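Everything below concerns the one structure shown next.
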Amino acid sequence: MGITVDDLWNLYVGPVEVAKVNTTVQATPVPSADLIPPPPHYYGSLYKGHESSYESELYKTNVNWSFPRTFWWGVASAAYQVEGAAKDEGRGPTIWDVLTHRVTGFTVANQTGDIADNQYYLYKQDIARIAAIGTPAYSFSIAWSRIFPYGRGPVNEQALAHYEDLIDTCIEYGVEPIVTLYHWDLPLYLQNTYGGWLSEEIVDDFVEYARVVFRRFGSKVSKWATLNEPSVFCNTYPLPAGYFKATGIPAKQQPFYCGQSVLLAHARTYRLGKQLMPNSTIFFKNNGGYKIPLTNSTADSLATQRAWDFGEGLWANPTFLGGDYPASVKNYTSTFLRPLTAAERGMLDGSSDIFAHDAYTSQFTSAPDVGIAACLANTSHPLFPTCANTTYQYPASLGGWDIGPAADPGSPWLHKATDWVPRFLHYVQDTWKPVGGIAVTEFGFGEPFEQLKTVLGDIRSDYGRTMYYHDYMEAILQAMSEGVDVVGTLAWSIVDNLEWAQGYTVKFGMQYVNLTTQERSFKASYFEYVRAFQVYQRK
Ligand code: PNW
């Protein structure tokens, strides 16, 4: 490769922090006192929705609620956010090691994932804990740069052995492992060699990585996510100037070059996976949320359609609706991106077994102030090319209220909007008609100001997040009782972790992590999530 992995670290990242505990720790039994749920909120359940007025429909609706026995559920994480052990056992650097170490201010207080939750060494205890509280599945991601330190070329057996033991430990504890191949941690070498996702060269490398992982773990893992939230990670392009290989592709076009590589990488990986593991469930994770036209104007409904097209549709139309981009997206990308070939469209169509969606929130959508046409005519308009505005507030004519309570100010994109979840699920089912149903593969809430709390009991009593899960699970049950085929849920997250640019200042964990001692504690929300299944899952 012309450069050693050590040199990659030294030249582009520099020294990394090392945890005190840096060998695999055996699990100890979870104390039974840790598994006592919080006292109930007796009036927590005001059933709502168009067909369930509190007095008359409550019990009727409620008896129709249940999760079928086949319903799968668990908690989720991603490698860079929880693992730590940044340089250990042959891991190669990723763009995130550079972003956190070198790009001043990229993360809050320049926090890094060097140690994070040290799950690379503490996984046995983490799995023992989630098993003890009754969680049937754990969804984690594999770090591409552990398996292939350069992203291509030599394979690192030590990393494969590590993930093998992680998977075996899950199975030993009766926890189903669900694996994501890519959760944003792009091997740095690939970014510097050809621009990462901006180049179609990445497709071959990704498929080879997938092949190695599928071959090794295909007999033990049956649910696979290829890629997590391309809408988010493709929009990290352009990467900050001066740290990575520059490509000369205009900034606003870069997310779409990335998108095309992602679609092709996903589709080929899907086809390979189904060939190697015919009984597996393979999908990619979309994200976004329900989009409500702010007013009933024609402009707002057009803008809302554009937001669907440039959001979920960019990924879901090619995979669920015949292989190509939505018309509005194609209209834009055809000015610079090569069209997908008939063979590629054929490979894409039907390439996700379920519609997996990380459905945290919903938002109101409206036309830009200048109007859609003027925005489309001005490539430097901040909303170009989507040309749709979003807000979390009702219009002033309706009082300007929030759609629902805001999460931590560090996550301004997130408001609790659980009242819209049933409509969202209907919309996904009606629009993309996923044959295998819908899975909510991430949902969660950054409890406001949780990082300021110092008393463990106060941290564990995460009322906002608890109500979020309570209402969210009811919303899913409501939608299912109305005929929406929801097949699974994965809550974000198993533990507090590195919340990307927010560092450790925003908490999404259903377990608190003391970052000094690495001790974990269940929060009330975890019990609430489990309770939904204790009450409603058919035996
Ligand atoms: C997800 N949005 O990201 C990621 O998959 C996780 O890694 C992350 O920790 C979690 O959500 C919480 O942020 C998202 O703007 C980031 O709609 C942004 C959005 C959605 C999901």
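What you see is a predicted model, and the numbers here were worked out from it, not measured in a lab.
Proximity of the aromatic rings of Tyr360 and Trp492 is defined here by a centroid distance below 6.0 angstrom, and this criterion is not met. Here the two rings, on Tyr182 and Tyr209, have centers that are 6.0 Å apart or farther. In this structure, Tyr189 has its ring center no closer than 6.0 Å to that of Phe148. Between Phe106 and Trp96, a ring centre-to-centre spacing shorter than 6.0 Å is recorded. Taking the centre of each ring, Phe256 and Tyr332 come in below the 6.0 Å mark. In this structure, the ring of Phe284 has its center no less than 6.0 angstrom from the ring center of Tyr270.
Both tests pass for Arg146 against the ring of Tyr120: distance under 6.0 Å to the centre and angle within 45° of the axis.
Within 6.0 Å of CG in Asp430 there are more than 12 heavy atoms belonging to other residues, nucleotides or ligands. The environment of Lys274 atom NZ is dense: over 12 non-hydrogen atoms of other residues, nucleotides or ligands sit within 6.0 angstrom.
The CG atom of Asn228 sits 6.0 Å away from the OG1 atom of Thr180 when rounded to the nearest 0.5 Å.
Between Phe508 and Trp413, the ring-plane angle classifies as parallel under the 30° and 60° cut-offs.
Looking only at atom types and distance, the side chain of Ser77 has a donor-acceptor partner in the side chain of Tyr138 under 3.5 Å away.
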| Is there a ring-ring contact (aromatic ring centres under 6.0 Å, His included) between Tyr163 and Phe217 once you walk through the steps? | CA-CA 9 Å; Tyr163 287 113; Phe217 305 129; 7.2 Å; no

| Trace of the side chain to side chain contact (heavy atoms under 4.5 Å, CB included) decision for Gln363 with Ile403 | CA-CA 7 Å; Gln363 59 278 110; Ile403 192 167; 5.8 Å; no

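Taking a cutoff of 4.0 Å between a charged side-chain nitrogen and a carboxylate oxygen, Arg91 and Asp97 qualify as a salt bridge. A salt bridge links Glu157 with Arg216: the distance from a Lys NZ or Arg NE/NH1/NH2 to an Asp or Glu carboxylate oxygen falls below 4.0 Å.
Distance alone, capped at 3.5 Å, is enough to place a donor-acceptor pair between the Gln429 side chain and the Asp485 backbone. Side chain of Glu344 to backbone of Leu263: no donor-acceptor contact under 3.5 angstrom is found.
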